[in-house]
Novice: 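Got a structure for you, questions after.
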Amino acid sequence: MATERYNPRDAESRWQKAWDEAKLFETDNDDPREKYYVLEMFPYPSGRIHMGHVRNYAMGDVVARTKRARGFNVLHPMGWDAFGMPAENAAMQNKVHPKDWTYQNIAVMKRQLKSMGLSLDWSREFATCDVDYYHRQQMLFVDFLDKGLVYRKQSKVNWDPEDMTVLANEQVIDGRGWRSGALVEQRDLVQWFFKITDFSEDLLASLDELPGWPEKVRLMQRNWIGKSEGLMLRWEVAGDAPVGEIEVYTTRPDTLFGASFLAIAADHPLAKSLAENNAELAAFADKCRQMGTSVAAVETAEKIGFDTGVRVRHPFDPDWLLPVHVANFVLMDYGTGAIFGCPAHDQRDFDFATKYALPIVTVVAPEAQGASWSVGDKAYDGDGVMVNSRFLDGMTPQAAFNDVAARLEQINLGNQPQGERKTQFRLRDWGISRQRYWGCPIPVIHCEDCGVVPVPKKDLPVKLPDDIEFDRPGNPLDRHPTWRHVNCPECGKAARRETDTMDTFVDSSWYYARFTAPWMNEPTDRKAADAWLPVDQYIGGIEHAILHLLYSRFFARAMSATGHLGVSEPFKGLFTQGMVVHETYRNASGWVVPSDVLIEGEGETRRAKLMSDGSPIEIGSIEKMSKSKKNTIDPDDIIASYGADTARWFMLSDSPPERDVIWTEAGVEGAHRFVQRIWRLIGEAADGLKSASAATGADGEAGVIRKAAHKTLKAVGEDIDKLSFNKAVARIYELVNMLNPALTAIASGKSDTATAAAAKEASGILIQLIAPMMPHLAEECWTVLGHQGMVADADWPKF
RNA sequence: GCGGACGUGGCGGAAUUGGUAGACGCAAGGGACUUAAAAUUCCUCGAUCCUUGAUCGUACGGGUUCGAUUCCCGUCGUCCGCACCA
């Protein structure tokens with residue numbers, strides 16, 4: 001029988017409707033089966049989905065559907081990371097309200113996601129800009145405040161002059177705003193902070209207990225948290241000075257006898273105090289402050305210093321005086337803003353000492369060199385043996401470290417020990433205040449008499465006002481005529497509402513917990529959250545390796561501390577998928593979109609020209625799909641012409657999921673050919689397969705088919721468990737190639753009964769194996785083969 | 001500079017624990033079917049040579065081993081992260 005070509009447009013919408021009506025993917029919290037929580041990073045509603053989303057959600061859907069078939073109670077929700085700057089930019093540019101813009105985008109993108117045929121529980125959907133959601137976020141904030149996990153302080157902040165808002169350290173990349181790309185300035189502002197540093201040690205140590213995370217991500221977080229073991233060391237100032245001592249942090253107390261100077265930051269209290277009466281020093285400090293923090297600026301900036309004239313006494317020798325310099329390379333926000341320089345064993349100190357003719361004393365000699373060795377034209381930072389170090393001579397640096405620490409803990413300066421072991425972290429508290437409208441309002445009120453008063457829970461939510469003007473940059477909440485005027489909840493006197501909103505990373509730091517019971521009045525249903533969490537498999541881009549994933553880990557801990565959760569690690573398994581990349585095209589007038597380009601020839605003779613007039617086009621490098629390079633492919637177009645199954649299959653084929661996948665027209669067509677091939681093979685053999693008997697035995701051709709099918713079933717299951725979708729795809733191709741002759745024979749009535757029985761079993765397995773990847777095609781084949789019910793609802797085959 | 005990952009045909013990539021290198025897909029070439037095209041289908045497809053076969057071949061140079069894409073040492077290259085962090 002001739003089979004018509006498979007028509008995805010008809011079949012896909014039909015099955016999507018059928019799944020919806022059967023409420024197949026709506027998850028019950030009371031289901032007694034073992035749970036499995038699979039989550040893909042929820043999208044920002046920028047307007048339309050892109051191929052990166054297609055790849056991300058195709059992968060997650062394979063996991064979700066496979067686990068469901070294997071009998072797990074699967075939670076697979078979707079929502080919207082909906083607060084953020086683009087909505088305000090759109091408001092300013094297009095005179096559209098951020099709320100309308102956001103919800104319109106959500107509607108469009110939801111329709112697009114639905115057209116992909118994902119097994120999502122849409123009944124749990126929310127957007128972080130829903131009042132229902134940010135209401136609970138404000139409740140969390142108040143609880144955190146109560147527990148001392150939130151505080152306010154004046155601090156130097158990263159100010160993005162283009163977006164006119166504050167950025168967290170994590171959001172400054174190479175000295176530029178992560179969104180605007182503008183050079184970040186330093187400003188002093190009073191800001192709200194989450195005490196993520198309370199958990200520094202735990203956030204670091206627990207990384208070892210996350211075997212389901214990529215080593216790369218754990219390493220990046222380790223480096224970011226940046227633990228170092230060292231010594232706080234107090235140096236007595238000799239003679240007259242504004243301070244009596246200078247505190248220094250060092251990880252190399254073993255090199256104390258190689259010290260030749262102290263260097264302090266331009267913003268160090270001593271430097272500031274001295275600058276008041278020293279115009280030359282003040283000018284120098286200004287110069288330091290003006291220097292950029294960008295990579296280029298740091299690399300090219302010369303190490304410069306200014307001798308303050310202040311002298312300090314060496315901790316082990318009161319007659320040994322060392323000069324104190326202000327130096328541009330010392331940072332106020334790490335350690336104490338002061339260091340001691342040991343030129344022989346630190347390259348930066350070496351350069352500085354050379355420039356200002358300070359002594360360079362070798363105190364560590366490599367084992368092989370002997371005690372008379374000394375450093376040449378560069379610092380030595382390796383291991384060895386202590387020399388020129390009085391009582392430390394002959395020790396290893398490690399032993400010397402311990403000896404110096406032990407001695408200085410016993411010596412008092414004033415009434416405190418002169419030295420103290422100290423663990424230092426690079427991680428800073430998370431500044432969350434943003435001077436923006438489209439974010440979650442920080443629920444506090446400033447009262448002249450009572451100070452900072454949290455909004456009582458009964459008065460929550462603090463809703464964003466809808467009547468708002470976007471005629472100028474800056475925070476519109478500040479300019480609203482009435483919104484910020486409230487009475488103090490404590491004394492009733494006229495007071496001022498906080499007009500800063502929260503960093504949008506706060507919104508995405510706990511959404512995974514909210515999904516477990518989004519209908520609750522409290523932020524979580526403790527029982528449901530504890531039952532569902534941690535997320536078993538979380539899938540998203542590597543670009544969130546630090547920011548989002550670290551903040552989420554902090555939030556799980558903070559929510560545990562405030563009783564909202566019982567787990568501290570939100571994501572048990574993490575997978576970071578690669579990007580979708582595409583060739584770029586350009587001509588004299590700039591980038592050209594792929595749909596306007598005609599490609600001819602191949603290899604050396606491969607040329608591109610403009611579709612409309614045939615003018616030549618330069619084929620550029622392969623880059624991440626982006627609007628700026630115009631090398632994007634719209635998922636809508638692909639789904640319209642090939643169907644969602646083709647798009648999904650292509651995304652899962654060939655490239656290992658953690659690597660970038662190159663989008664090519666030929667690749668998509670290849671995927672589509674396979675869709676049609678399955679349909680044709682199954683369709684033409686359907687009658688013969690339906691009438692075949694159940695397979696038994698393992699002899700002859702039938703046995704070969706049965707063995708191959710069972711082997712594939714096992715291997716594909718294992719590949720999916722390891723998220724090796726490309727390998728699973730290859731094995732399915734192999735099975736189909738293998739099955740091809742038998743199915744063709746059945747279609748033409750030339751098959752024996754044993755082979756037909758084996759092919760019937762193998763075809764059933766094949767359809768179930770492709771079901772998680774190409775669910776619509778699988779349903780269509782399932783029906784044609786005469787099965788009752790939907791393959792999406794069928795148990796994973798056993799053998 | 002520090003840390004990490006990687007390097008296999010024309011391309012994307014396979015190869016379970018050290019055991020037939022190149023599965024599977026894409027591209028290409030040739031044949032069948034067709035008036036033709038599309039679709040489909042069959043064959044070929046790492047290199048070299050004296051081509052029924054042999055030799056070489058997983059960035060390069062060594063090593064361990066009966067046997068190395070896999071393990072070890074070194075070199076080169078690519079990519080990623082961090083970075084005046086005391």
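Lettering follows sequence order; numbering is per chain, from 1.
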Novice: Tell me whether the centres of the aromatic rings in A:F316 and A:W235 are closer together than 6.0 Å.
Specialist: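 Judged by ring-centre distance (under 6.0 Å), A:F316 and A:W235 do not meet the cut-off.
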
Novice: Indicate, with yes or no, if the rings of A:F193 and A:W430 have centres closer together than 6.0 Å.
Specialist: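 Aromatic pair excluded; centres sit 6.0 Å or further apart.
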
Novice: Just to confirm, is there a sub-4.0 Å distance from OP1 or OP2 of B:C80 to any side-chain nitrogen or oxygen of A:R659?
Specialist: no

Novice: Taking only the side-chain nitrogens and oxygens of A:Y334, find out if one of them lies under 4.0 Å from OP1 or OP2 of B:A86.
Specialist: yes

Novice: Does A:R426 put a side-chain nitrogen or oxygen below 4.0 Å from OP1 or OP2 of B:A83?
Specialist: yes

Novice: Flag the pair A:F575 / A:Y538 as yes when their ring centroid distance falls below 6.0 Å, and as no otherwise.
Specialist: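 Judged by ring-centre distance (under 6.0 Å), A:F575 and A:Y538 do not meet the cut-off.
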
Novice: Ring centres under 6.0 Å, that's the criterion: do A:F352 and A:H325 meet it?
Specialist: yes

Novice: For RNA chain B, find the residues of residues 337-345 of chain A with a heavy-atom distance under 4.0 Å and give them by number; none if there aren't any.
Specialist: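 Heavy-atom contacts with RNA chain B come from A:I339.
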
Novice: Just name whichever nucleotide pairs with B:U35, Watson-Crick or G-U, keeping both distances under 3.5 Å, else none.
Specialist: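 By the stated definition (distances under 3.5 Å), nothing pairs with B:U35.
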
Novice: Taking the C1' atom of each, how far is B:G57 from B:C49, in whole Å?
Specialist: 15 Å

Novice: Indicate yes or no: does A:D351 engage A:K355 in a salt bridge with an N to O separation below 4.0 Å.
Specialist: no

Novice: So what does A:N726 hit on the nucleic acid, given a heavy-atom distance under 4.0 Å: a base, only sugar-phosphate, or nothing?
Specialist: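 The answer is sugar-phosphate, as A:N726 gets under 4.0 Å only of primed atoms, P, OP1 or OP2.
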
Novice: May I ask you to say what A:G670 touches in the nucleic acid, namely base, sugar-phosphate or nothing, with a heavy-atom cut-off under 4.0 Å?
Specialist: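 If one applies the 4.0 Å heavy-atom cut-off, A:G670 turns out to touch the sugar-phosphate alone, with no base involved.
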
Novice: Considering Watson-Crick and G-U wobble pairs with both distances under 3.5 Å, what does B:C85 pair with?
Specialist: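 The answer is none; no pair meets the criterion.
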
Novice: Just checking A:F350 against A:H345, ring centres under 6.0 Å apart?
Specialist: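 No - the distance between ring centres of A:F350 and A:H345 does not fall below the 6.0 Å cut-off.
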
Novice: Expressed as a whole number of Å, how far does the P atom of B:A68 sit from that of B:U55?
Specialist: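 Pairwise P distance, B:A68 against B:U55, rounds to 15 Å.
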
Novice: Assess whether one donor atom and one acceptor atom, taken from the side chain of A:K727 and the base of B:C24, lie less than 3.5 Å apart.
Specialist: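 Answer no: no donor N or O sits under 3.5 Å from an acceptor.
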
Novice: Taking atom P in both B:A23 and B:G46, what distance in whole Å separates the two?
Specialist: 8 Å

